[in-house]
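Take a look at the structure below.
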Amino acid sequence: MKINSNYLNLEDSYLFFNIAKKVEEFAAANPDKTIYRLGIGDVTLPLAPAVVEALERASAEMGEAAAFKGYGDYEGYGFLRRSICGYYAKKGVAVGGDEVFVSDGAKSDLGNILDIFSEDNAVLIPDPVYPVYVDTNIMAGRGVIYIEGNEENGFLPMPDSSVRPDIIYLCSPNNPTGGVYSGEQLKVWVDYANAYGAVILFDSAYEAFVRDGGLPTSIYEVDGARTCAIEFCSLSKTAGFTGTRCGYTVIPRELSRAGQSLNRLWLRRQSTKFNGVSYIIQRGAEAVFTEAGLSQSKRNVDYYMQNAMIMAEALEKKGVWFTGGRNSPYIWLKCPGGMSSWQFFDHLLNEANVVGTPGAGFGRAGEGFFRLTAFGDRANIETAMQRFAGVI
Ligand code: PLP
C-alpha cells in the first residue's frame with residue numbers, strides 16, 4: 001500500500017514546541033522570576049452567562065423524552081442558521097439560511113473545503129499567514145504561490161495581475177499581523193477573483209475585533225463578493241468558543257465554478273463526511289446571537305481590545321513600527337535593532353521575562369517581526385509592557 005506521500009512534504013512545525021522549551025529552560029534556571037506570556041493565541045475569559053444558561057438548558061432537554069434530539073441537520077439547525085442570518089442582517093448583509101453551514105470551527109472548514117476543488121488548482125497564500133492554509137494544500141499535493149506582506153504594504157498584500165491563481169486565501173483581521181483590509185482593498189481582490197474565475201477563501205475568524213466602523217467585517221459587504229467568495233467564521237474568539245467548538249461557513253447560491261454550484265458541492269461533501277455539531281453546542285451558539293449574548297460576549301472582546309490598546313500605546317511611545325492592535329487582538333512589530341525574530345525572542349525572554357511569538361514561525365516574510373497577543377490578564381499585560389519598554 002501507499003500512504004499520502006504529500007504529508008512527507010510538510011515542514012515540521014517546531015514553533016510552539018521551541019517556544020515552550022526555551023521558556024521551560026529559562027524558568028528552571030530562574031525559579032524566582034515571573035514570566036509574562038504575550039504569546040497566547042487562545043481566549044482566557046469564560047463563556048458569557050447567556051451561553052452557559054443555554055448550554056445547561058439544552059443539556060437538560062437531552063435527558064427528557066419529549067425534547068431529546070438525535071442526528072441533526074448536516075448544515076446545522078434552522079434556529080442557529082436563522083440567528084446567523086440575523087447577525088449578518090445587522091451588518092447590512094443579506095445571507096440566506098441555505099447559504100450557512102454550521103461546523104465545529106473555522107479550522108475544520110478551512111481544511112475540508114479543499115475537498116470540493118481539484119488538486120490542479122493554483123493557490124495564492126499571503127506570507128506571513130495562519131499556517132493551516134499552507135499545510136492543508138501541501139497535504140493535497142497543491143503547489144502554493146506566496147504573496148508577500150511587508151512593511152511597505154503594511155502586511156496587506158494586493159493582487160499581482162501577472163499571477164493567475166484559482167484559490168486565494170485572505171484573512172482579515174489577520175493572524176498574525178493584525179492587518180485589516182479596507183473595503184476598497186477588498187473590492188480590488190473581489191474584482192480580480194471575478195475577472196479570472198478564482199475563488200476567495202475569506203477567513204473572518206476575528207471580525208468581532210474590528211472597532212473602526214469604516215472597515216468591513218464581512219467580505220459580502222463588498223460588491224461582487226457573492227460570485228467569488230466563501231466566508232469562514234468562528235465563535236472561538238468572538239464568544240470564547242475555542243474549547244466549546246462552533247463556527248460557520250457561508251457559500252452564496254450565486255457562487256459557481258465550472259458550471260457547478262459550490263454551495264451544492266459543499267452540502268454534498270458535508271452530508272457525506274460530517275454529521276453535524278451537537279444540539280447542545282448549537283443552542284449555546286444560538287445564545288451568542290441574542291441581545292444578552294452579544295453584549296456579554298462583546299464585553300470580553302472589549303477587554304482584550306483594551307489590552308491591545310495598552311500594548312499599542314507602549315509601542316508607539318517607544319517608536320516601534322507595528323501593525324494591528326487597533327482592530328485585532330494581534331500586534332505585529334518590527335524587531336528593534338535589526339534583530340531576527342528568534343534573537344528578539346531570546347532578548348525579550350532573558351532581559352524582560354516576556355514571551356511572544358517569533359514572526360519567522362508564520363512564514364519566510366515574517367522574519368524580523370514578532371507577534372504579541374492581547375488575550376491575557378490586564379495587570380499582567382501592563383507589567384509586561386513596562387518591562388518590554390525597558391529593554392528595547
Ligand atoms: N482562522 C484563524 C486566522 C485563526 O487564527 C484560527 C485560530 O486561531 C482559526 C481560523 C481557527 O478557528 P476555530 O477555533 O474556529 O477552528
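In each ligand, atom 1 is the first atom listed, and ligand 1 is the first ligand listed. One is the number of the first residue; the rest follow in order along the sequence.
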Part of Phe241 with heavy atoms under 4.0 Å of ligand 1, whether side chain, backbone, both or neither = neither
Do Asn353 and Asn30 have side-chain heavy atoms sitting under 4.5 Å apart?
-> no
Looking at atom 15 (O) of ligand 1, what's its closest protein heavy atom, distance included?
-> Ser234 OG, 2.6 Å
Name all residues meeting the salt bridge (Lys or Arg N to Asp or Glu O under 4.0 Å) criterion together with Glu151; count only those two or more places apart in sequence or in a different chain, and write none if there are none.
-> Lys334
So, is Ser236 polar-close to ligand 1, with some N/O to N/O distance under 3.5 Å?
-> yes
Basic-acidic side-chain contact under 4.0 Å: Arg57, Glu53 | yes
When you measure from the centre of the six-membered ring of Tyr88, is the NZ or CZ of Lys91 under 6.0 Å away and within 45° of the axis?
-> yes
Ranked by distance from atom 7 (C) of ligand 1, the top protein heavy atom is Lys237 NZ, 3.6 Å
Salt bridge check: are Glu316 and Arg326 linked by an N-O gap of less than 4.0 Å?
-> yes
If you count the atoms of ligand 1 from 1 in the order shown, which ones are under 4.0 Å from a heavy atom of Cys171?
-> 3 (C)
Are any side-chain N or O atoms of Ser103 and backbone N or O atoms of Gly105, one a donor and one an acceptor, separated by less than 3.5 Å?
-> yes
Any N or O of Tyr330 closer than 3.5 Å to N or O of ligand 1 = no
The protein heavy atom nearest to atom 9 (C) of ligand 1 is Tyr130 OH, 3.2 Å
Is the NZ or CZ atom of Arg81 positioned over Tyr248's six-membered ring, under 6.0 angstrom from the centre and within 45° of the axis?
-> no
Charged tip of Arg269 within 45° of Phe274 ring normal and under 6.0 Å = no
Looking at Gly105, which atoms of ligand 1 are within less than 4.0 Å of one of its heavy atoms?
-> 15 (O), 16 (O)
Here the atoms of ligand 1 under 4.0 Å from any heavy atom belonging to Ala106 are 10 (C), 12 (O), 13 (P), 15 (O), 16 (O)
So is there a nitrogen or oxygen of Tyr206 less than 3.5 Å from a nitrogen or oxygen in ligand 1?
-> yes
Going by distance only, is there an N or O of Gly41 that falls short of 3.5 Å from an N or O of ligand 1?
-> no
Top protein contact for atom 2 (C) of ligand 1, by heavy-atom distance = Asp203 OD2, 3.3 Å
